[in-house]
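Since the model is a prediction, treat every value here as computed from it, not as a measurement. For the single chain, residues carry numbers from 1 onward in sequence order.
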Amino acid sequence: MRDLRLIDMFCGAGLFSAGFQDAGFRPVLAIDVAGDAIASYNRNVAAVAVTGSVTQFDSIPEASVLIAGPPCQGFSTLGRQDPLDKRNSLALEVPRWAAASNADVVVVENVPPFLRSSHWRAMADQLEACGYEVTTWVLDAADHGTPQFRTRGFTIASKVGLPAAPVPTARANAAEAFSRCVNSKDPMHTWPEPTALAASRIRLVPPKGDKRDIMRLAPEICPASWAKVGCQATDVWGRMDPDKPANTLRCTFQNPSKGRYLHPTEDRVLSLREGARLQGVPDDWTFVGKPYPVARQIGNGVPVPLARAVATQVMALTQRHISKAA
């Protein structure tokens, strides 16, 4: 297999790159504005990552494949979906980097609403003007070996033909994150200690339960807002169901008020290691930074198995192109 060079824009801690590396690509440059994420990338993936803005970086080497995960906050249904969010325009740097790197294939990951945005249309138009053929995929990580429901939109731009979309595989359940023992010395098997009030709430949540059980059993320790919200946001203060893929892991997965992030049986939130496992991160990875920045690095990443599924299709395409050109 030919050694194919890879560039990763908005690389975060490197989960997207890791999937491509597993498929046979070799990272030669990665860039992100978050210094702690860059340190994690260099520790776990390859020592090629730099801290900086994609808008101000010009030393772009040649590469076979360019991948990018531009900020999603302006498009995500969990955010404000603000069309004026300044970060939205960062996706328009992708065509410049594609041209500078002379990449055969470009893969851009984001939330599915991005694919319906004017920014996506502008990016796609610019890529087509550079000679790329463009298609899109909407994939759920749970269908590709990740023990987590996480739907993402992928834009594939290619000068060497379009790859086939990855075929779904058997789903993995969240039990994957909890069934294997964790080394007692693992610095990532940590979680925040709850306040006395939070602890009293967590103890009341039965297996697969959530805030509705707390409201039923001890309404006096529930804020008035819970009653006003009613049947909305029922996943908060919820225990994970180990028999299903986990809910989408957010950056705030160590906060029980943000989703179904309580351990299935223990009275605590997920550990950083358990969160990493739900993203398909190998246990020999350790992240750089304090707990919340590490949780953000984990929650912001493309699940490694999903990245690998996409990368495998891209590798098959590039290898076919190489064979034809030989």
Side-chain angles (χ1 to χ4, degrees), residues 13 34 36-37 40 76 78-79 147-150 173-281 283 285-301 303:
D36 51 4
S40 294
S76 175
L78 293 175
Q148 175 195 167
F149 290 115
R150 192 184 190 95
N173 294 331
E176 163 65 16
F178 311 108
S179 59
R180 288 181 285 121
C181 293
V182 179
N183 188 325
S184 61
K185 296 181 180 180
D186 186 341
M188 286 186 47
H189 192 46
T190 59
W191 53 89
E193 287 297 321
T195 64
L197 175 59
S200 65
R201 290 173 179 167
I202 292 171
R203 285 193 295 269
L204 294 173
V205 182
K208 304 179 185 180
D210 50 56
K211 77 170 187 181
R212 291 170 292 186
D213 296 288
I214 307 173
M215 294 171 68
R216 175 174 53 85
L217 296 170
E220 69 278 4
I221 63 172
C222 301
S225 60
W226 286 13
K228 292 179 181 178
V229 172
C231 293
Q232 300 178 41
T234 54
D235 276 332
V236 301
W237 294 88
R239 290 195 186 276
M240 274 194 178
D241 182 347
D243 300 322
K244 297 178 180 178
N247 288 14
T248 299
L249 203 75
R250 300 171 64 184
C251 299
T252 51
F253 69 84
Q254 289 199 308
N255 183 337
S257 70
K258 298 298 183 180
R260 192 169 290 274
Y261 298 138
L262 295 180
H263 189 278
T265 58
E266 299 178 20
D267 290 334
R268 60 175 178 82
V269 295
L270 305 184
S271 73
L272 294 172
R273 176 60 66 202
E274 289 161 347
R277 284 180 173 181
L278 291 172
Q279 286 279 66
V281 173
D283 278 359
W285 278 40
T286 55
F287 293 76
V288 177
K290 294 182 178 180
Y292 179 68
V294 168
R296 185 173 62 234
Q297 292 173 47
I298 294 168
N300 270 340

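- With sequence neighbours excluded, the residues that form a side-chain hydrogen bond (donor to acceptor under 3.5 Å, both in side chains) with S257 are N255.
- For T286, the side-chain hydrogen bond (donor to acceptor under 3.5 Å, both in side chains) criterion is met by R43, not counting sequence neighbours.
- Judged as a side-chain hydrogen bond (donor to acceptor under 3.5 Å, both in side chains), and not counting sequence neighbours, the contacts of R216 are D213.
- The stretch residues 249-274 participates, sequence neighbours left out, in these ring pair (Phe, Tyr, Trp, His ring centres under 6.0 Å) pairs: F178-H263.
- Under the 4.5 Å side-chain criterion, counting only non-hydrogen atoms from C-beta, P194 is in contact with I202.
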Problem set entry | Steps toward side chain to side chain contact (heavy atoms under 4.5 Å, CB included) verdict (I298, F287) | CA-CA 9 Å; I298 294 168; F287 293 76; 3.9 Å; yes
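- Using a 30° and 60° split on the angle between ring planes, H189 and W191 fall in the perpendicular class, above 60°.
- In this structure, V205 and L262 have side chains that are in contact, with non-hydrogen atoms separated by less than 4.5 Å.
- Sorted by first and then second residue, the side-chain hydrogen bond (donor to acceptor under 3.5 Å, both in side chains) pairs involving residues 235-246 (not counting sequence neighbours) are K208-D243, D235-N247, D235-R260, R239-D267.
- Remark: R201 pairs with no residue by the salt bridge (charged side-chain N to carboxylate O under 4.0 Å, His left out) rule, at least two apart or across chains.
- Side-chain contact between P245 and N173 is present, with at least one heavy-atom pair separated by less than 4.5 Å.
- Atom OG1 of T190 and atom CE of M188 lie 7.5 Å apart (nearest 0.5 Å).
- Between D186 atom CG and D283 atom CG the span is 7.0 Å, to the nearest 0.5 Å.
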